Each structure stands twice: as structure tokens, then as C-alpha cells.
Amino acid sequence: MGNQFIFLHDYLLLPFYLFGSILLMNLYFKAKHGNNKKLKKYFNWALYLKLFGCLSISLIYQYYYNGAYDGVNYFRGAVMLTDYWMKHPSEVFTVLFQDLNTFNATNLAGLKGDYVHIFADTSFVVAKVGAIFNFVCFDSFLAIAIFFCISAFVGLWSFFIFIIKEFGIPMKIAAYCTIFIPSVLIWDSGIFKDTISFTALLWLFMCSHYVLVKQRNLIQNVIGILLSIPLIYFTKSYIVAAFIPFFIIYVINSNKKRIKNPLIRYLSTPFILILGAGSMGLFLQNADELFGRYSVDQVLETAAMTSYYIQESVAGSAYTLEVDYSSPLGILAAIPQGINISLFRPYPWEYLKPFILFASAESMLFLYFTVYLLFKKGFGKSLSIIWNTPLIQFCLLFSFTFAFMVGISSANFGSLVRYKIPFMPFYLIFLAILYKEKFLLPQQKIRAAKQRRTVRPAQAFTISNRAATFNNHSAAE
């Protein structure tokens, strides 16, 4: 086999790591939720599906794609770093905070990232995380992948509990918005940059919410923010570029309700929009320096270059956008196309590869529920809910911006299905809240009204009986 990374010792160690991870996660559940049987059912299904996704994608890359997988380089980099740390224990913290060029120039063993095909800092970060896990994994690819998977699962499960608790999303719907998203079960489960960046994004949202929107455990959550931002920035910095401006608007809008005077609260809306737009403009103005390849200008340049490359080469699941990236009108035309590609494509008739068909089925569900929930019971009501719900506004703005960025710059559905997972739970939260506001709350109000109508006749009957009894007693006297 040309690029083998799974060996016999992986399979020999696998049962022990599976059993150990399941035991560890059950202890985690017991500590967090006690004997909650309803939650335990969701927990077990989510954990087993997550582990299945982790092992499946690893085996598919080994035996179907013959080892053509960036994760192989991350794994070999992890093994190299673990060996180096075992020989030079004092270098552990030094290397953790070094970039790749500094490591190449200063490490005591003369090692180079090139030896394991690691050429960028983003890849070096994944190798460092893998090296930490490898201290107890004995150079086993599958064992390290399970550690990535379990770490991601804890973040995803915490986010599932978070949206139930903070946003009142029913448990079953919350599960389909988070722990049961098919693409997330696969692409957030193995040795990928996406596993680190996506999990850190979820923690960043939760911790930032508890610091800036609903103050709780401030020290703990500030630490969470300080850990999450570097992990995202040094793996996929464009996620931060899409997240920060709209989260600022979300924070401001969420705190607006604390203004007690209705007139001032109403007049604050234009101020919030101006402040939010100004913050976004200031942030994006400095994006070139902050984010390099993934700044606004560079995203467009990357899209144009990728589109040209795809057209000049044979790509089995490629797509193109017929737009001119050099003109403002061309960029405007690309926005809806990029969003549509990320959210609702590939269509079922476009490609017949197994992974693409899988992604197509998921995209069609996104399309169906979007159309149904927006237009059922009135599109105007949907717009009203969006206008009055800061969380929905954040979810839509972040999702659309991120969808546009990855939609125009991927040019290949095989890559896109992995790149788009950061916005998927947020877009589904938008749909969940729309469903809750348009369907669940009206139904609850109807049931409450029926209960009141049922209680009143019963109360009236009881009162009349008491009156009759009193009259009978009076007559007898």
C-alpha cells in the first residue's frame, strides 16, 4: 500500500481505547448529569455515532483513498514531536508556543517539518495537539484519532446542553441541530484541522455568551475564550474573521433589552446598527494584516485562482461560479451563488460519488426545512421573528458570510462538505428557533387556553354545589 498509516498494532490497541473512551465519557456524564435517563439516551447515541464516524473516515481514507489524506502528515508530525519531547522533556512547552519556522531553526535534534510534509503553521498546530495525545497512544493513528474524537464530542455535547438551557430549544430538535448533524459526526471526529477549529468555535461562542451576554463564571469563561481564539486563529483564521463582527452585533442587541425606557430602547436600534457596522468595518479594514490568505481581498483572489485551476484540470466533484471577481457587480453576483452552493448544493443529479450523494441528501434537507419554515404560516411572520431575535440575526449573518467565503473559494464539493461544518449548527439553530416561534409556542398557548376553559366550568360547578349546600342548611335551620 502506497501510503499506509494504519497498522496491525492499531487494531490490537483499538478495543482498549474504545472501551476506555466509552468508560471515561460515561463517568463524565455521571458527573455532569447524574442519572438523567432521557439525556443518557441522547448521550449514548451521539457518542457511538461519533466514534463510528471517527473510525469510518479513518478507514475510508486508508483503504478507499489509499492514504491520500492530510491527516497522515499531521499524525507523522505528532509522532516526530512526541519522540523529540521524550528525548528533550524541557522542550515541551517551548515547542508548544513556537511557530514552525522557529522550531525548524532552533530545535535540538535538527528536525524539520518538511521531513513529515508539514509546511505551514496551521498543520504544525494539529501535529502538536496530536503529539500531546500520543504520549498515551503509542504511535497508534486510530488511538490518536479517538482522542481527537472524544475531545470534539465533549465540546459538541456541551453546546447541545447549552442551546437547550439558554435558548429553550426542545431536546429532540436541539439534538438534530448539534449532535446528530451527519457531516459534523464525520468531519469533526478525526485528525483534521476542522476538529480543532470547529470545537474551539463552539467553546468560543458559549464562553463569550457567558461573559458578554449573560454573566456567569467569568474567570472560567474568560480562560475559555483565551484558549479558543488561538486554536481557531492558528488553524483556520477565517472563522474568526466571520465570527467576531457579527458576535459584536449579537452582544449589543442582546443587552439592549436591559434598557428599561421603551423610547430609548427603540431609538437605540439605529445606534446599534451603526456601531455594529462600524465595528465590522474596522475589523475588516485590518483583516488583510490579521488573516493573510483569508482576508476579504485574499478570499476573492483565492476564489478566482481556484476557479481557474479547476477549469484547467479534471476534477470529479468540481463546480464553478460564472462571475467576475474583479468587479463590484461580479462580487455582488457571487454572494447569493456562494451561499446557495454551501447551503443547498450539491443537488442530487450533479454527482454520483458516495460522499457527494451523502452531502446532497443533507443539503436537500436543509433546503426543504428552510423553505417550509420560512413560508409556512406566512413569510412576514418569519421576517418579524428574525427582526426581533438577536440570536437569529447572529446565526444568519455568520452562516451567510461563512457560506459565501467557503462557497466561492472551495470549487470542489469534496472539500466543501468539510469546510462548511462551522456554520451548520448555527444555521440549524436559526431554523429551530423559527420552528419554536411559529409552531410550538402557538400550540402551547392553545393548550393553555383549553386548560383554562376546562378548569373554569369545574370551578363554577364546585362553587354552585357549595352554594346549594349552604342554602339547604339555611332552610333546615
Side-chain angles (χ1 to χ4, degrees), residues 9-58 78 82 92 128-166 169 171-172 174-181 184-192 194-196 198-207 209-210 216-217 219-221 223-228 231 425:
H9 79 284
D10 285 273
Y11 295 111
L12 294 176
L13 291 172
L14 180 61
F16 298 100
Y17 282 92
L18 280 176
F19 176 78
S21 62
I22 292 170
L23 177 63
L24 182 65
M25 287 296 95
N26 276 279
L27 292 173
Y28 166 81
F29 181 90
K30 186 81 172 178
K32 286 283 186 180
H33 310 293
N35 295 315
N36 190 319
K37 293 182 179 179
K38 190 173 182 180
L39 272 180
K40 191 66 166 65
K41 180 179 68 174
Y42 285 98
F43 184 87
N44 286 342
W45 271 106
L47 176 60
Y48 298 148
L49 287 172
K50 195 79 170 162
L51 289 169
F52 177 77
C54 169
L55 297 177
S56 296
I57 198 62
S58 300
T82 306
V92 172
K128 286 190 276 191
V129 173
I132 295 170
F133 294 149
N134 193 40
F135 276 119
V136 292
C137 290
F138 309 104
D139 298 346
S140 167
F141 180 93
L142 292 180
I144 295 174
I146 287 174
F147 271 89
F148 270 84
C149 175
I150 293 303
S151 302
F153 175 75
V154 171
L156 192 60
W157 176 261
S158 299
F159 192 68
F160 163 68
I161 298 297
F162 169 80
I163 66 172
I164 294 172
K165 183 178 179 180
E166 296 300 326
I169 297 175
M171 191 178 295
K172 187 174 183 179
Y176 287 111
C177 292
T178 52
I179 55 177
F180 292 155
I181 302 174
V184 172
L185 288 170
I186 294 173
W187 302 112
D188 176 49
S189 298
I191 304 177
F192 298 104
D194 310 86
T195 307
I196 297 172
F198 176 69
T199 304
L201 174 65
L202 299 182
W203 283 114
L204 177 60
F205 183 85
M206 290 185 284
C207 294
H209 178 87
Y210 283 135
R216 181 180 297 171
N217 298 327
I219 295 176
Q220 175 183 322
N221 286 299
I223 293 172
I225 294 171
L226 295 176
L227 291 174
S228 299
L231 286 173

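Remember, predicted model here, so these are calculated numbers, not experimental data.
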Trainee: Within the distance-only criterion (no hydrogens, no angle test), does the side chain of Ser58 pair as donor or acceptor with the backbone N or O of Cys54 below 3.5 angstrom?
Mentor: yes
Trainee: Spell out, as yes or no, whether a donor-acceptor pair under 3.5 Å connects the side chain of Asn221 to the backbone of Arg216.
Mentor: yes
Trainee: Stepwise, does the side-chain contact (heavy atoms from CB on, under 4.5 Å) test hold for Phe148 with Phe192?
Mentor: CA-CA 9 Å; Phe148 270 84; Phe192 298 104; over 6 Å; no
Trainee: Phe162 vs His209 aromatic rings, parallel, tilted or perpendicular, using cut-offs 30° and 60°?
Mentor: perpendicular
Trainee: Do you know the tightest heavy-atom contact between Thr178 and Leu156?
Mentor: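 In this case the closest contact between Thr178 and Leu156 is O-CD2, 3.8 Å.
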Trainee: Do any N or O atoms from the side chain of Asp194 and from the backbone of Asp188 form a donor-acceptor pair under 3.5 angstrom?
Mentor: no
Trainee: How far apart are the C-alpha atoms of Ile161 and Leu39, what are their side-chain angles, what is the distance that settles it, and do they pass the side-chain contact (heavy atoms from CB on, under 4.5 Å) test?
Mentor: CA-CA 9 Å; Ile161 298 297; Leu39 272 180; 3.8 Å; yes
Trainee: Can you give me the closest heavy-atom contact between Lys50 and Ala152, atom names plus distance?
Mentor: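 Scanning both residues, the minimum pair turns out to be CE-CB, 4.2 Å.
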Trainee: Ignoring hydrogens, what is the shortest heavy-atom contact between Gly224 and Ser228? Give both atom names and the distance.
Mentor: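 So the minimum-distance heavy-atom pair works out to O-OG, 2.7 Å.
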Trainee: Counting only heavy atoms not in Tyr11 (residues, nucleotides, ligands), do more than 12 fall under 6.0 Å from its OH?
Mentor: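 Atom OH in Tyr11 is packed in, count exceeds 12.
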Trainee: State, to 0.1 Å, how close Ala174 and Ile163 come at their nearest heavy-atom pair, and which atoms those are.
Mentor: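 Heavy-atom minimum between the residues: CB-CD1, 3.8 Å.
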Trainee: Determine yes or no for a side-chain-to-main-chain donor-acceptor pair under 3.5 angstrom, with Thr82 supplying the side chain and Phe135 the backbone.
Mentor: no
Trainee: Is it true that a side-chain atom of Lys40 and a backbone atom of Gly34 form a donor plus acceptor pair closer than 3.5 Å?
Mentor: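 No; judged by distance alone, with no hydrogens or angles, the pair does not exist.
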Trainee: Let me confirm one number: the CG-SG distance from Leu142 to Cys149, rounded to the nearest 0.5 Å.
Mentor: 11.5 Å
Trainee: Taking C-beta and beyond as the side chain, do Ile179 and Leu47 meet within less than 4.5 Å on heavy atoms?
Mentor: no
Trainee: State, to 0.1 Å, how close Cys137 and Leu13 come at their nearest heavy-atom pair, and which atoms those are.
Mentor: O-CD1, 4.2 Å
Trainee: Would Glu166 and Tyr210 count as having a side-chain donor-acceptor pair, cut-off 3.5 Å?
Mentor: yes
Trainee: For the atom pair CG (Leu24) and CZ (Phe19), what is the distance rounded to the nearest 0.5 Å?
Mentor: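 Going from the CG atom of Leu24 to the CZ atom of Phe19 covers 11.5 Å.
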Trainee: Would you say Pro425 and Cys177 make side-chain contact, with heavy atoms under 4.5 Å?
Mentor: no
Trainee: Supply the atom-to-atom distance Ile164 CD1 to Phe159 CZ, rounded to the nearest 0.5 angstrom.
Mentor: 11.0 Å
Trainee: Should we count CG of Leu12 as having more than 12 external heavy atoms under 6.0 Å?
Mentor: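 Yes, because the 6.0 Å sphere around CG of Leu12 holds more than 12 heavy atoms from other groups.
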Trainee: Would you call the rings of Phe43 and Phe29 parallel, tilted or perpendicular, where under 30° means parallel and over 60° means perpendicular?
Mentor: tilted
Trainee: Between atom OG of Ser151 and atom CZ of Phe133, what is the distance when rounded to the nearest 0.5 Å?
Mentor: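 Ser151 atom OG to Phe133 atom CZ measures 3.5 Å (nearest 0.5 Å).
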Trainee: Kindly give the heavy-atom pair with the smallest separation between Trp203 and Ser158, and that separation in Å.
Mentor: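 That closest heavy-atom pairing would be CH2-OG, 3.4 Å.
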Trainee: Mark yes or no for whether Ser21, through its side chain, and Leu18, through its backbone, hold a donor-acceptor pair below 3.5 Å.
Mentor: yes
Trainee: Taking the side chain as every heavy atom from C-beta outward, state whether Ile22 and Leu51 have any atom pair closer than 4.5 Å.
Mentor: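 Ile22 reaches Leu51 side chain to side chain.
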Trainee: Is the distance between the ring centroids of Phe180 and Phe160 less than 6.0 Å?
Mentor: no
Trainee: In Å, rounded to the nearest 0.5 Å, how long is the span from CD1 of Ile150 to OG of Ser189?
Mentor: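 The CD1 atom of Ile150 sits 9.0 Å away from the OG atom of Ser189.
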Trainee: Is it the case that atom OH in Tyr28 sees more than 12 heavy atoms from other parts of the structure closer than 6.0 Å?
Mentor: yes
Trainee: Any chance you could lay out the side-chain contact (heavy atoms from CB on, under 4.5 Å) test for Ile191 and Ile144, step after step, and finish with the verdict?
Mentor: CA-CA 8 Å; Ile191 304 177; Ile144 295 174; 3.8 Å; yes
Trainee: Between atom NE2 of His33 and atom CH2 of Trp157, what is the distance when rounded to the nearest 0.5 Å?
Mentor: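 Going from the NE2 atom of His33 to the CH2 atom of Trp157 covers 5.5 Å.
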Trainee: Please walk me through it: do His9 and Phe138 pass side-chain contact (heavy atoms from CB on, under 4.5 Å)?
Mentor: CA-CA 9 Å; His9 79 284; Phe138 309 104; 5.6 Å; no
Trainee: Would you say Thr195's side chain and Gly190's backbone share a donor-acceptor pair under 3.5 angstrom?
Mentor: yes
